[in-house]
Peer 1: 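This structure is in structure tokens; I'll ask about it shortly.
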Amino acid sequence: MAKGDTRVVGERRTRRKVVHFIRHAQSANVAQMEQIIADYGIPPHMLAAIFIRTDPHPAVLRIRELEKDPKNFDSPLTDIGRAQAAELRDTLGRSGDAARIERVLCSPASRTLETAEIALAPVIARLRSQGKPVLATETWREFGGAGSPYNHRRPPAELSERWTHKGFDLSEIPALDALAAMPERESHEAAFPRFWRGMMELMELPEKELALVTHGGIFGLLVVKHPQVIWVGEAVDPQWVMPTCSQLTLEVTHTEGDLHLTVRVVTPETRAVTKTVHFFRHGEMAANVHAVAYTQARGLSLTEMVATLFDPVTDPSMLEFFQSAAKAGLFDTVLTAAGKEQARALGKRLKDSGIADQIERVVSSSLNRAMETAAIALEGPIARLATEGKPVLVTDLWREYGGDLHPFSFRPARSVLERNFRHRPFDFSALDQHDPLRGWPGREPPSHSVPRGWDALMQLIRLKETVIAVASHGAFGPMEVFGHPQLRWVTDDRPPEHLSNCALVSFELTYSAGDDFVEAKILPPPTPKSQL
């Protein structure tokens with residue numbers, strides 16, 4: 001299944017890609033064309049408008065004659081074009097886009113191949129080491145017909161001789177240039193299906209973020225004006241001409257069976273954010289021991305009790321249970337000796353797998369059992385992050401709450417927590433002084449817990465760190481987060497419905513600004529580095 005870009009809607013898959021469309025840099029033919037439109041005083045952004053006029057503009061007639069000149073066969077980049085490509089390479093590096101690109105596709109025209117070679121040099125080198133050459137394909141080639149040598153391409157043997165050793169895969173380029181054999185320019189009716197096939201092939205690739213080096217005409221006709229493209233947000237002006245060696249990043253989404261694509265422009269503000277989350281339940285506390293003894297005495301299993309979500313308001317046996325817990329003084333209880341040992345074992349597991357070294361931020365429920373588990377299991381990461389000015393973020397968002405009759409889900413006052421944890425780097429500034437969740441006789445109602453679960457997810461999305469550990473609870477995770485109606489799991493794997501003490505669930509979250517959902521996928525369980 002595709003890497004992090006597929007979700008299931010009913011029985012249909014929805015795929016999402018981020019595509020960096022890059023127009024080639026200035027070629028010899030383009031330099032001459034730019035001179036022609038300058039001679040007529042035509043601004044570059046008006047070029048498309050003069051091409052669609054019913055009465056041909058003199059500049060268009062001269063450009064068409066230029067394309068027929070055999071000397072312009074598959075013209076290479078000019079010195080200006082090579083400088084443009086080098087400048088784009090620097091821009092992609094500064095923006096971070098170069099590091100995110102997972103695959104490169106390219107038209108087999110010399111001007112696009114050369115642009116890719118220069119502008120994406122660091123990307124191509126990195127991907128080549130991973131066995132991912134640049135995929136050259138006819139799909140994204142511009143075509144002007146048999147009378148346009150400018151748009152003809154070189155034979156595969158010649159292309160392979162020059163480009164294969166540079167990390168380009170030209171195996172899909174046929175020996176016969178079928179597009180050059182067509183007597184006229186490729187019609188819209190022929191080009192639109194070609195684009196659709198190309199996009200479907202692109203959506204099937206396992207990589208999520210791609211660079212596509214192509215042509216201004218291909219982008220303007222097949223992306224901007226395609227009848228099966230639905231723009232979300234601000235659409236690109238149909239008359240806009242993509243400047244030479246420019247980049248436009250789009251997010252493309254397709255649901256299996258649909259006859260359209262949704263497309264939106266990606267900016268730093270709207271770019272999808274991905275987080276890796278290591279969620280774990282607290283270790284055993286005194287209330288857990290009481291619950292096990294109580295349920296066993298009545299012939300129940302603890303799993304059955306949790307899974308059925310008994311409510312002390314409506315279920316007399318649960319009311320009796322919580323009353324017995326209150327009588328035993330089991331409010332916000334600390335870990336037992338066994339619970340501390342469980343936390344140490346979790347910490348060793350995280351350290352041995354290398355996850356502990358990757359954690360960039362720690363978030364914890366505001367209840368003692370979660371904070372104490374985090375302090376033990378993540379002792380090393382917490383100390384490391386404290387030196388970076390990143391204390392543990394303590395929040396009510398990731399807290400379990402069973403209602404006012406559920407004594408061990410009560411939180412002490414913030415001042416009490418600050419005093420109890422004064423020697424540890426825990427940040428309690430997000431907490432109200434007193435417990436804001438008190439007030440419901442039974443379990444926290446969905447009208448409150450569902451928005452709280454969403455706020456908890458958004459808290460992680462807003463953090464600047466990308467690898468986050470969350471210390472929370474066995475009920476809150478499966479019910480309010482993992483089962484949240486706005487969380488869409490992209491694979492068949494799901495977290496368990498009940499988490500045992502110190503159980504760990506690692507998953508990836510992806511969110512795009514403006515969406516009303518977050519995509520998630522389960523990550524493999526940690527493996528000791530010695531076994532890798």
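We count residues from 1, following the sequence as given.
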Peer 1: Which heavy atom of Thr139 sits nearest a heavy atom of Gly198, and at what distance?
Peer 2: CG2-CA, 3.3 Å

Peer 1: Check whether Arg281 reaches the backbone of Ala471 with its side chain - one donor and one acceptor, N or O, closer than 3.5 Å.
Peer 2: no

Peer 1: Between Glu508 and Val277, does the side chain to side chain contact (heavy atoms under 4.5 Å, CB included) criterion hold? Intermediate values first, please.
Peer 2: CA-CA 6 Å; Glu508 187 177 87; Val277 182; over 6 Å; no

Peer 1: Verify whether the ring centers belonging to Phe482 and Phe507 lie closer than 6.0 Å.
Peer 2: yes

Peer 1: Apply side-chain hydrogen bond (donor to acceptor under 3.5 Å, both in side chains) to the pair Gln228 and His260, showing each step before the final yes or no.
Peer 2: CA-CA 4 Å; Gln228 292 169 273; His260 67 269; over 6 Å; no

Peer 1: Considering all heavy atoms of both residues, which atom of Leu378 and which atom of Ala469 are nearest to each other, and what is their separation?
Peer 2: CD1-CB, 3.7 Å

Peer 1: Would Thr527 and Ser353 count as a side-chain hydrogen bond (donor to acceptor under 3.5 Å, both in side chains) here? Give the steps.
Peer 2: CA-CA 5 Å; Thr527 303; Ser353 65; over 6 Å; no

Peer 1: Taking atom types as modelled and ignoring hydrogens, do the side chains of Thr510 and Thr274 form a donor-acceptor contact shorter than 3.5 angstrom?
Peer 2: yes

Peer 1: Does Glu161, at its CD atom, have more than 12 non-hydrogen atoms belonging to other residues, nucleotides or ligands within less than 6.0 Å?
Peer 2: no

Peer 1: If you draw a 6.0 Å radius around CD1 in Ile80, do more than 12 non-hydrogen atoms from other residues or ligands fall strictly inside?
Peer 2: no

Peer 1: Excluding sequence neighbours, so at least two apart, what forms salt bridge (Lys or Arg N to Asp or Glu O under 4.0 Å) with Asp97?
Peer 2: Arg100, Arg271

Peer 1: In sequence, state the C-alpha distance, the side-chain angles, and the governing distance for Asn29 and Ser27, and then conclude on side-chain hydrogen bond (donor to acceptor under 3.5 Å, both in side chains).
Peer 2: CA-CA 5 Å; Asn29 178 274; Ser27 63; 5.3 Å; no

Peer 1: Can you tell me how far CG of Leu113 sits from OG of Ser107, rounded to the nearest 0.5 angstrom?
Peer 2: 6.5 Å

Peer 1: Step by step, work out the side-chain hydrogen bond (donor to acceptor under 3.5 Å, both in side chains) result for Gln35 and Asp39.
Peer 2: CA-CA 6 Å; Gln35 184 58 56; Asp39 290 345; 2.8 Å; yes

Peer 1: Determine, step by step, whether Thr115 and Cys245 satisfy the side chain to side chain contact (heavy atoms under 4.5 Å, CB included) criterion, reporting the C-alpha distance in whole Å, the side-chain angles of both residues, the deciding distance to 0.1 Å, and the verdict.
Peer 2: CA-CA 8 Å; Thr115 300; Cys245 212; 4.3 Å; yes

Peer 1: Which heavy atom of Arg128 sits nearest to which heavy atom of Thr164, and what is that distance?
Peer 2: NH2-O, 4.3 Å

Peer 1: Can you find a heavy atom in the side chain of Ile22 that is under 4.5 Å from one in the side chain of Leu212?
Peer 2: no

Peer 1: Supply the atom-to-atom distance Phe517 CZ to Gln486 CD, rounded to the nearest 0.5 angstrom.
Peer 2: 10.5 Å

Peer 1: Under 3.5 Å, side chain of Arg111 to main-chain N/O of Thr214, donor-acceptor pair present?
Peer 2: no

Peer 1: What about Trp196 and His254, are their ring centers closer than 6.0 Å?
Peer 2: yes

Peer 1: With salt bridge (charged side-chain N to carboxylate O under 4.0 Å, His left out) as the test, would you mind laying out the steps for Glu480 and Arg452 before giving the verdict?
Peer 2: CA-CA 8 Å; Glu480 272 73 28; Arg452 183 160 72 94; 5.8 Å; no

Peer 1: Using the ring of each side chain (for Trp, its six-membered ring), is Trp398 parallel, tilted or perpendicular to Phe279, with breaks at 30° and 60°?
Peer 2: tilted

Peer 1: Mark yes or no for whether Asp74, through its side chain, and Ser110, through its backbone, hold a donor-acceptor pair below 3.5 Å.
Peer 2: yes

Peer 1: Could you label the plane-to-plane angle of the Phe195 and Trp140 rings as parallel, tilted or perpendicular, counting under 30° as parallel and over 60° as perpendicular?
Peer 2: perpendicular

Peer 1: State, without any angle test, whether Gln26 and Thr78 hold a side-chain donor-acceptor pair at a distance under 3.5 Å.
Peer 2: yes

Peer 1: Is it true that a side-chain atom of Glu251 and a backbone atom of Val18 form a donor plus acceptor pair closer than 3.5 Å?
Peer 2: no

Peer 1: Between Arg89 and Gln84 (side chain of the first, backbone of the second, donor and acceptor by atom type, cut-off under 3.5 Å), is there such a pair?
Peer 2: no

Peer 1: Would the number of heavy atoms belonging to other residues, nucleotides or ligands and lying under 6.0 Å from CD of Glu87 be above 12?
Peer 2: no

Peer 1: When you look at Trp163 and Leu170, which way does the side chain to side chain contact (heavy atoms under 4.5 Å, CB included) test go after all the steps?
Peer 2: CA-CA 8 Å; Trp163 295 102; Leu170 296 117; 3.7 Å; yes

Peer 1: Please identify each residue that fulfils side chain to side chain donor-acceptor pair (under 3.5 Å) with Asp516, with sequence neighbours left out.
Peer 2: none

Peer 1: Looking at Lys17, Arg16, Lys132, which one forms a salt bridge (charged side-chain N to carboxylate O under 4.0 Å, His left out) with Glu207?
Peer 2: Lys132

Peer 1: Examine distances only and state if a side-chain atom of His20 and a backbone atom of Leu248 form a donor-acceptor pair shorter than 3.5 Å.
Peer 2: no

Peer 1: Do Gln247 and Thr249 have side-chain N/O donor and acceptor atoms under 3.5 Å apart?
Peer 2: yes

Peer 1: Could you give the distance from CZ (Arg141) to NE2 (His215), rounded to the nearest 0.5 Å?
Peer 2: 8.0 Å

Peer 1: Under 3.5 Å, side chain of Arg194 to main-chain N/O of Glu138, donor-acceptor pair present?
Peer 2: yes

Peer 1: Okay, side chain of Arg103, backbone of Leu135: is any donor-acceptor separation there less than 3.5 Å?
Peer 2: no

Peer 1: If you look at every heavy atom in Pro76 and Glu114, which pair is closest and at what distance?
Peer 2: CB-OE2, 3.1 Å

Peer 1: Between Glu102 and Lys208, is there a donor-acceptor pair closer than 3.5 Å when you use the side chain of the first and the backbone of the second?
Peer 2: yes

Peer 1: For residues 461-471, which residue pairs qualify under side-chain hydrogen bond (donor to acceptor under 3.5 Å, both in side chains), counting only residues two or more places apart or in two chains?
Peer 2: Glu360-Thr466, Lys390-Glu465

Peer 1: For a quick test of reading the model, state the closest non-hydrogen atom pair linking Leu509 to Ala520 and the distance between them.
Peer 2: CD2-CB, 3.9 Å

Peer 1: So, does Arg384 use its side chain to make a donor-acceptor pair with the main chain of Ala356 at under 3.5 Å?
Peer 2: yes

